[in-house]
*Asks:* 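A single structure is presented below for examination.
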Amino acid sequence: MLPVRKAVIPAAGYGTRFLPISKAIPKEMLPLVDKPVIQYVVEEAVAAGITDILMVISRSKRAIEEHFHPAFDLEAELEGKGRTEELEGLRKLQSMARIHFVWQPKMGGLGDAILYAREHVGNEPFAVLLGDTVVTTDDETRPVTRLLADVVERHGGSAVALQEVPLEKVSRYGILGGEEISPGLIRATQFVEKPKPEESPGRLAVSARYVLSPSIFAHLEKTPKGKGGEVQLTDAMASLMKEEALYGLRYEGQRHDIGNKLDFIKANLHFGLQRADIGPALREYVMGVR
Ligand code: G1P
């Protein structure tokens, strides 16, 4: 099997759950302490062994491009002032991976966004990391994208990260059903986007991370609009599943969905409390909040 080297980060959605801030500022650029959400996503991809990233963006998302683009004037300014720590941080940001951009001209759903990556990805398996969600695991050196890549490099096909959700929440997610072939690894037989609880194949929800076979593109191309009038990646994967294996991997970890206000604030606490500079004072503050 080919190694997974490329990733696609869809970051073109309107972010309507986070208006008004998301009108002019991409939700992917909201800060978790002092780094935008999408930088955490890129760092996770790099820790998973990804060396090439394509971001799918749209109008009002240019700040993302600027964030990952070199800023030589700013570097010269920092160098002149001897601010080496900040300078190192900026240089690392630009050298982590090769980062490319493509525009999704019109909102058409996650499946439509992924289709714009077709030429760039070519004929090799690739990761998809949703740009508004940070996924943390206990072992930072083994992010969930790495675990999915291991499954695909070993067994072929495609793999998605799964988390169990309560039945009343299945209608917010892609839900996968199938047979557990080894602890935590499920061979999928059903995959439904945002089912009603009574029609759901279970409670295992897709959780913002995928490693896909390039055969997905041919299926995306013929996938009609589904839930919400959008081309759903889940529907294309359900179609691909009839030809190639689809695996689901349950992982131990936390999903921070930044497009959601409460999770955004919780995520800031999560990352803030871990920081050596502000963690202790933040902890003291939070303990005293009524
Ligand atoms: C998307 C996917 C869905 C998945 C969810 C969380 O939905 O379509 O299958 O479960 O992300 O990863 P969205 O939250 O964009 O509506």
Side-chain angles (χ1 to χ4, degrees), residues 7-19 22 26-28 30 37-38 40-41 44-45 56-58 61 104 107-115 127-137 143-145 147-148 158-178 186 188 190-197 199-212 216 219-220 223-241 246-251 253-264 267:
V8 177
I9 302 184
Y14 286 134
T16 46
R17 288 181 299 162
F18 223 139
L19 280 168
S22 55
K27 61 178 170 172
E28 296 82 3
L30 292 176
V37 171
I38 199 161
Y40 287 83
V41 177
E44 181 193 324
V56 185
I57 57 165
S58 60
K61 301 278 186 166
Q104 182 190 28
M107 286 305 120
L110 178 58
D112 181 67
I114 300 297
L115 208 39
V128 173
L129 298 91
L130 303 191
D132 63 357
T133 304
V134 179
V135 178
T136 49
T137 41
V144 67
T145 301
L147 305 180
L148 296 177
S158 301
V160 296
L162 296 175
Q163 273 191 322
E164 204 165 280
V165 297
L167 194 60
E168 65 272 17
K169 290 193 177 158
V170 292
S171 60
R172 297 185 195 175
Y173 300 98
I175 303 292
L176 183 142
I186 290 118
Q190 285 170 287
F191 199 18
V192 190
E193 180 68 7
K194 305 195 171 91
K196 292 186 187 134
E199 287 162 11
S200 182
R203 296 196 291 123
L204 292 174
V206 178
S207 180
R209 299 294 184 262
Y210 310 71
V211 169
L212 299 175
I216 192 67
H219 291 264
L220 277 169
T223 297
K225 288 179 184 166
K227 279 271 151 63
E230 297 186 333
V231 178
Q232 297 294 345
L233 180 57
T234 300
D235 294 344
M237 292 179 72
S239 163
L240 173 63
M241 195 176 70
L246 168 62
Y247 300 95
L249 183 72
R250 290 168 67 133
Y251 70 96
Q254 254 182 300
R255 182 172 55 94
H256 311 273
D257 173 4
I258 309 308
N260 154 333
K261 294 169 201 181
L262 180 61
D263 272 15
F264 169 70

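In each ligand, atom 1 is the first atom listed, and ligand 1 is the first ligand listed.
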*Asks:* Yes or no, since that's all I need: does a protein heavy atom fall within a distance strictly under 4.0 Å of atom 15 (O) of ligand 1?
*Replies:*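 No, no protein heavy atom sits under 4.0 Å from atom 15 (O) of ligand 1.
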
*Asks:* Ala205: heavy atom below 4.0 Å from ligand 1, yes or no?
*Replies:*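 Checking ligand 1 against Ala205, which is what was asked, there is no heavy-atom contact under 4.0 Å.
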
*Asks:* Between Gln163 and Gly253, is there a donor-acceptor pair closer than 3.5 Å when you use the side chain of the first and the backbone of the second?
*Replies:*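 At least one qualifying donor-acceptor pair exists.
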
*Asks:* Quick check: does any side chain N or O of Gln232 sit under 3.5 Å from a backbone N or O of Lys225, one acting as donor and the other as acceptor?
*Replies:*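 It does not hold such a pair.
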
*Asks:* Do Thr133 and Ile258 pass the side-chain contact (heavy atoms from CB on, under 4.5 Å) test, and can you show the C-alpha distance, the side-chain angles, and the key distance before you say yes or no?
*Replies:* CA-CA 6 Å; Thr133 304; Ile258 309 308; over 6 Å; no

*Asks:* State if Arg172 counts as touching ligand 1 under the rule of any non-hydrogen atom under 4.0 Å.
*Replies:*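 Contact absent.
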
*Asks:* Does Leu233 reach ligand 1, in the sense of a heavy atom lying below 4.0 Å from it?
*Replies:*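 It does not; every heavy atom stays at 4.0 Å or beyond.
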
*Asks:* Can you confirm, on distance only, whether ligand 1 has an N/O atom lying under 3.5 Å from any N/O atom belonging to Leu110?
*Replies:*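 Between Leu110 and ligand 1, no N or O pair is found under 3.5 Å apart.
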
*Asks:* Can you sort out which atoms of ligand 1 are near Ala208, meaning under 4.0 Å from one of its heavy atoms?
*Replies:*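 Here the atoms of ligand 1 in question are 12 (O).
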
*Asks:* Can a salt bridge be assigned to the pair Asp257 and Arg172 using a cut-off of 4.0 Å between side-chain N and carboxylate O?
*Replies:*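 Not counted as a salt bridge, because no side-chain N and carboxylate O are separated by less than 4.0 Å.
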
*Asks:* If you measure from the Lys or Arg side-chain nitrogens to the Asp or Glu carboxylate oxygens, is any gap between Arg203 and Glu164 under 4.0 Å?
*Replies:*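 Glu164 and Arg203: salt-bridged.
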
*Asks:* Just to be sure I read this right, does ligand 1 sit under 4.0 Å from the backbone of Leu130, its side chain, both, or neither, counting only heavy atoms?
*Replies:*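 Contact part for Leu130 vs ligand 1: side chain (C-beta onward).
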
*Asks:* NZ of Lys194 to OH of Tyr173: how many Å apart, nearest 0.5 Å?
*Replies:*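 Between atom NZ of Lys194 and atom OH of Tyr173 there are 10.0 Å.
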
*Asks:* Does Lys194, backbone or side chain, put an N or O under 3.5 Å from an N or O of ligand 1?
*Replies:*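 Yes, there is a polar N/O contact under 3.5 Å.
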
*Asks:* Just let me know how Thr234 lines up against ligand 1, side chain, backbone, both or neither, with a heavy-atom cut-off below 4.0 Å.
*Replies:*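 Side chain only.
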
*Asks:* Please write down residue, atom name and distance for the protein heavy atom closest to atom 6 (C) of ligand 1.
*Replies:*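 Going by distance alone, atom 6 (C) of ligand 1 is nearest to Val206 O, 3.5 Å.
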
*Asks:* Would a 4.0 Å cut-off, counted as strictly less than, catch a protein heavy atom around atom 12 (O) of ligand 1?
*Replies:*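 Yes, there is one.
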
*Asks:* When rounded to the nearest 0.5 angstrom, what is the spacing between CD1 in Ile114 and OG1 in Thr223?
*Replies:*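 The CD1 atom of Ile114 sits 12.5 Å away from the OG1 atom of Thr223.
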
*Asks:* Could you tell me whether Ser207 and ligand 1 have an N or O pair separated by under 3.5 Å?
*Replies:*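 N/O-N/O distance under 3.5 Å: no.
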
*Asks:* What is the closest protein heavy atom to atom 2 (C) of ligand 1, and at what distance does it sit?
*Replies:*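 Atom 2 (C) of ligand 1 sits closest to the protein heavy atom Glu193 OE2, 3.6 Å.
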
*Asks:* So, do Leu148 and Tyr247 sit near enough that their side-chain heavy atoms are less than 4.5 Å apart?
*Replies:*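 No. Closest side-chain heavy atoms not under 4.5 Å.
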
*Asks:* Between atom NZ of Lys61 and atom CD of Gln104, what is the distance when rounded to the nearest 0.5 Å?
*Replies:*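 Rounded to the nearest 0.5 Å, the NZ-CD separation comes out at 10.0 Å.
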
*Asks:* Any atoms of ligand 1 less than 4.0 Å from a non-hydrogen atom of Gln232? List them with their elements.
*Replies:*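 Atoms satisfying the 4.0 Å criterion: 8 (O).
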
